[in-house]
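All remarks here apply to the structure that follows.
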Amino acid sequence: MTLDSPKLGCTDSPVRHERGQKAVFCGLTGIVWLHRKMQDAFFLVVGSRTCAHLLQAAAGVMIFAEPRFGTAVLEEQDLAGLADANAELDREVARLLERRPDIRQLFLVGSCPSEVIKLDLERAAERLNAHHAPHVRVYAYSGSGLDTTFTQGEDTCLAAMVPTLKPTEAEELLVVGALPDVVEDQCASLLSQLGIPSVRFLPARRSDAAPAVGPNTRFILAQPFLGDTAAALERRGAKRITAPFPFGEEGTTLWLKAVADVYGVSAETFEAVTAAPRARAKKALAAHRGTLEGRSLFLFPDSQLEIPLARFLARECGMVPTEVGTPFLHRAIMAPELALLPAAASLTEGQDLEAQIDRHTAINPDLTVCGLGLANPLEAQGHATKWAIELVFTPIHFYEQAGDLAGLFSRPLRRRALLAGGSAA
Amino acid sequence: MKLTLWTYEGPPHVGAMRVATSMKDMHLVLHGPQGDTYADLLFTMIERRNARPPVAFSTFQAADMGADTGLLLKETIKATQERYQPQAMAVALTCTAELLQDDPEGISRALALPIPVVPLELPSYSRKENFGADETFRALVRALAKPMERTPEVSCNILGPNALGFRHRDDVVEVTKLLEGMGVTVNVVAPMGATPDDLRKLGQAHFNVLLYPETGESAARHLERTCKQPFTKTVPMGVGATRDFLAEVSKLTGLPVKADERTLRQPWWSASVDSTYLTGKRVFLFGDGTHVIAAARIAAKEVGFEVVGMGCYNREMARALRTAAAEYGVEPLITDDYLEVEKAIEAAAPELILGTQMERNIGKKLGIPCAVISAPVHVQDFPARYAPVMGFEGANVLFDSWIHPLVMGLEEHLLTMFREDFEFHDAAGASHHGGKHVERAEAPEPAAQAAPQTQVDTPAVPVVEPSGEIRWMPEAERELKKIPFFVRGKAKRNTELFAAHKGVRDITVETLYEAKAHYAR
């Protein structure tokens, strides 16, 4: 591993804490990928026209056919009396389930307005469960912008599912975090080749494949934004395996190694299983390194993937992280990542948009990772950008995607070079 | 509570954002939680704007709820004024802030800023995006425009064009050209491109051109009252409406009508023999009231289509739309429920849909071609080229964009003549559209020749089950499938209507052709 940065580790680095205007999505956005992952689930937001409009905008404006998410839009009479709001909700749910008999899991998703008017969706879920069980299981979680930022909506969703998982004494490994099916299959195959006996995934693709949890469950996070879910699993007696996240060749190797060590997999087996995909990943990464090496990188806070991605881009692609923003810094979960991040990176938790834009202007990085609202304005000022939302809609985990992940960052730079008449490095 | 899958309009504060983003040297402060900033991407991505919308968010969180969220709003207003130094500001609440007790009017007054700060009242739980834009523009005009001396030359303002408006960018250019051709100077275009100081000058125009009633009518009415400026009622979309518009301008100004029609091609394109096949094509229109009403007139009177259904999602235009629908003898559809629109289109079985991006999806699902005529918009509705829908060039553009989704005239004949052809068949679609050529699936020859009445093979169960008692007999069903796909919907519907009318329960091949003769034109 070549390291351009002489000093490693951000474990003890100071963190700038900011608050102010944020250019981020709220937790409702997670519905856009969660409803594709859980094929028999419907996500019913209880909120306002704004919530419906956000989902429509975030879902790339249109998805064909009738989607498996919707918004129960609160109207003036709902605000006047909560008793009526509950009755209305029951009626809308009954109507929805009648029209969609294929739905086996229903998520009532809280929003800013439902939270402010104190509409108790957990109680509503209990009430509706009594009515619609066993055909449909009803859950409640919050995607409200008052408490969740973007990917945190997946965390609150999965955390709400944990208490309902069946108890077990079995020794199983649980991989936690919604992954694209192709990535999940690759992960399962690697773990099985390593000889890990029983591997389950949360969330499962269908409700009848939901994992069980108990004191002999080990779990490992595949996504960095799942702090509440991890805590909920620990409350059920499951033990967490700590590791960096499986981005890039190094991240994937360290992640698998952490599992292998817990299960006593021999060094020979580990080498035999990982050697070929590691070589492939390195080869794929090499194609992008020329474009990325030595380029400075600025990450606006968005998905909580920022720290693992900055680590990957610094160590495996030779980029130089400047400011690494994250909406929320979970120290315990990020510890292995922070230890690997170049010490020169400056960490920011939270956001004060205007101040951050001023710092961004001063730093003038070669590549900026930011949300969709900022991307074109920054491009127009001459900055190359990568939209952060693509990182949650694209398969980027594990060995076979390492090259694709680097490609997401090298493409904007190559494109600029092409349009400027230069050659694409 | 109402279950919503897709929405035609956003909340009213998005309308306010559209007005602020259209303008220059103007800033909007929105009191709302994190997440509301999502709306920035509508402008930067769909419209490819190269600057952030001039909108600041107070971004309160759960932790602030017990404390003073009003203070947060106050600080945001103050910081925004200091950083951007706009000529004026507006302040509004988003849906969540509306539930809190903060008072934007009192807060902005207490700040005593050196510029006008206009508080907006946008009821999130009863109104929508178009209302928000219309009301924001009205409030700004009310705060800034005053009666003043008229310009020496005949001049007008153009009111209503907005960020994210359907082709507003180019319509303004086209309408300006029309007005200048008659010797009318354009005083101010607003909100698009105007500064707050420009709004102060609105009063010096002789009259107003209301380009888009959805987002400009309240301001036009206010100016009519306070500045005694009449406003135009015709939206110049289509050849007839454009000529009417010029006549209206002439009446308001006393200037003679002068129209430069040298580049107007639509009437001849429509009259030329190649367009014969467009005659009586059944078209369903849905979108905002203004664009639907104007498009219906063009469809019926300038292209020769038959309007078989029309509707709008904005209730504010319901009355005008009902009047127009009565003229074409169709039921008006006033709804913002996308599933209801889909149902109506399916029932009407049109050959072409003129709709919004939502109807484009409906069309895709039902296999009916669709051209987009109205917001809500998509990145495709902001073409790089000049593409107005108003004025004479707009008439040309509409002709092209409505005809493109259809199968071309000669191809229609080939499809009708060689309906079983391996290249010209239903699944292949129009030949000038992209996509791989689809070979016709070779179905086994139905064994229907021998005694079809008593045959009890698989297709004996009628596949089509229209409402009521009417059933399609298998051989009639097969005959129906031989009719080319772009007229099959019409044939099916006409046959069923005919059967219902005659009290026929089982539709046979005979019934099909009797209906064809009955509806022959």
Side-chain angles (χ1 to χ4, degrees), chain A residues 19-29 44 46-54 56-58 61-62 64-67 69-76 78-79 85 88-89 91-92 95-96 111-113 115-117 144-149 354 371-377 379-381, chain B residues 1-7 9-14 32-46 48-53 56-65 76 79-80 83 94-96 98-100 123-126 128-129 339 357-358 360-361 364-365 376 378-379:
Chain A
R19 59 147 316 156
Q21 178 173 333
K22 294 185 178 179
V24 290
F25 286 128
C26 63
L28 294 181
T29 324
L44 181 63
V46 182
S48 66
R49 181 165 294 281
T50 315
C51 307
H53 198 236
L54 155 87
Q56 188 161 324
V61 189
M62 302 289 160
F64 298 129
E66 198 179 330
F69 60 81
T71 307
V73 175
L74 294 163
E75 291 167 322
E76 260 170 351
D78 300 309
L79 306 177
E88 290 265 307
L89 180 61
R91 195 198 60 203
E92 286 301 334
R95 197 182 285 172
L96 171 72
S111 65
C112 304
E115 193 170 315
V116 172
I117 66 167
S144 148
L146 295 169
D147 9 63
T148 62
T149 305
E354 304 288 359
L372 291 174
L374 289 177
N376 266 338
E379 287 279 351
Q381 289 172 13
Chain B
M1 214 173 275
K2 191 172 185 307
L3 183 65
T4 304
L5 300 171
W6 298 118
T7 68
E9 290 183 73
H13 74 260
V14 167
Q34 72 169 348
D36 281 349
T37 50
Y38 80 88
D40 283 3
L41 77 87
L42 301 172
F43 302 96
T44 62
M45 296 304 291
I46 295 179
R48 302 179 204 254
R49 289 211 168 234
N50 61 5
R52 283 169 57 209
F57 291 83
S58 66
T59 317
F60 53 80
Q61 287 176 285
D64 303 313
M65 302 291 283
T76 308
T80 303
R83 186 178 172 97
T94 71
C95 51
T96 307
E98 192 182 327
L99 303 169
L100 309 176
S124 301
Y125 297 92
S126 53
K128 288 176 279 185
E129 180 177 335
L339 294 174
Q357 287 292 336
M358 316 263 256
R360 210 167 56 92
N361 284 330
K364 219 159 191 174
K365 194 168 155 191
H378 189 255
V379 69

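A, B, ... follow the sequence lines: proteins, then strands. Residue 1 opens every chain. Both backbone and side-chain heavy atoms feed into the values below; hydrogens, waters and symmetry mates do not.
- No side-chain heavy atom of A/E75 sits under 4.5 Å from any side-chain heavy atom of B/Y125.
- Distance check, rounded to the nearest 0.5 Å: CZ of B/F60 to CZ of A/R19 gives 11.0 Å.
- With salt bridges taken as basic N to acidic carboxylate O contacts below 4.0 Å, none links B/K2 and A/D78.
- B/R49 places none of its side-chain heavy atoms less than 4.5 Å from the side chain of A/N376.
- Across all non-hydrogen atoms, the minimal contact from B/P33 to A/L146 is CB-CD2, 3.8 Å.
- Smallest separation of non-hydrogen atoms from B/Q34 and A/G145: CG-O, 2.9 Å.
- Ranked by heavy-atom pairs under 4.5 Å with chain B, the first of A/D147, A/L28, A/V24, A/I117 is A/V24.
- For the residue pair B/L42 and A/A57, the shortest heavy atom distance occurs at CD2-CB, 3.9 Å.
- Residues A/H53 and B/V14 form a side-chain contact, since some pair of their non-hydrogen atoms from C-beta on lies under 4.5 Å apart.
- Looking at heavy atoms from C-beta onward, B/L99 lies in side-chain contact with A/P113 at the 4.5 angstrom threshold.
- The distance from atom CG of A/L44 to atom CG of B/L3, rounded to the nearest 0.5 Å, is 6.0 Å.
- Residues B/M65 and A/V116 are in side-chain contact: their nearest non-hydrogen atoms beyond the backbone lie under 4.5 Å apart.
- Nearest heavy atoms, A/P377 versus B/A51: CG-C, 3.5 Å.
- B/M1 places a side-chain heavy atom less than 4.5 Å from the side chain of A/L89.
- Of the atoms belonging to A/T148, it is backbone heavy atoms, and not side-chain ones, that fall under 4.5 Å from chain B.
- Looking at A/E92, only its side chain comes within 4.5 Å of chain B, counting heavy atoms on both sides.
- Between B/T4 and A/V73, some side-chain heavy-atom pair lies under the 4.5 Å cut-off.
- When the candidates B/A63, B/A79, B/A56, B/S124 are compared by the number of heavy-atom contacts under 4.5 Å with chain A, B/A56 comes out ahead.
- Residues B/L5 and A/G70 share a closest heavy-atom pair of CD2-CA, 4.1 Å.
- With respect to the salt-bridge test (charged N to carboxylate O, under 4.0 angstrom), the residues A/E379 and B/R48 do not qualify.
- One distance of note links CG of A/L372 with CE of B/M45; it measures 5.0 Å at 0.5 Å rounding.
- Rounding to the nearest 0.5 Å places NE2 of B/H13 at 4.5 Å from OG1 of A/T50.
- Here B/D36 contributes atom CG and A/F25 contributes atom CZ; the two are 12.0 Å apart, rounded to the nearest 0.5 Å.
- Here the closest heavy-atom approach between residue B/T37 and residue A/Q21 is recorded as CG2-NE2, 4.4 Å.
- For A/R95, no part sits under 4.5 Å from any heavy atom of chain B, backbone or side chain.
- In terms of heavy-atom pairs under 4.5 Å with chain A, the best-connected choice from B/T94, B/D64, B/L100, B/T76 is B/D64.
- Contacts between A/E354 and chain B at a heavy-atom distance below 4.5 Å involve backbone atoms as well as side-chain atoms.
- Contacts of A/L79 with chain B are made by side-chain atoms alone, with heavy-atom separations under 4.5 Å and no backbone atom involved.
- A distance of 7.0 Å separates CD in B/Q61 from OG1 in A/T149, rounded to the nearest 0.5 Å.
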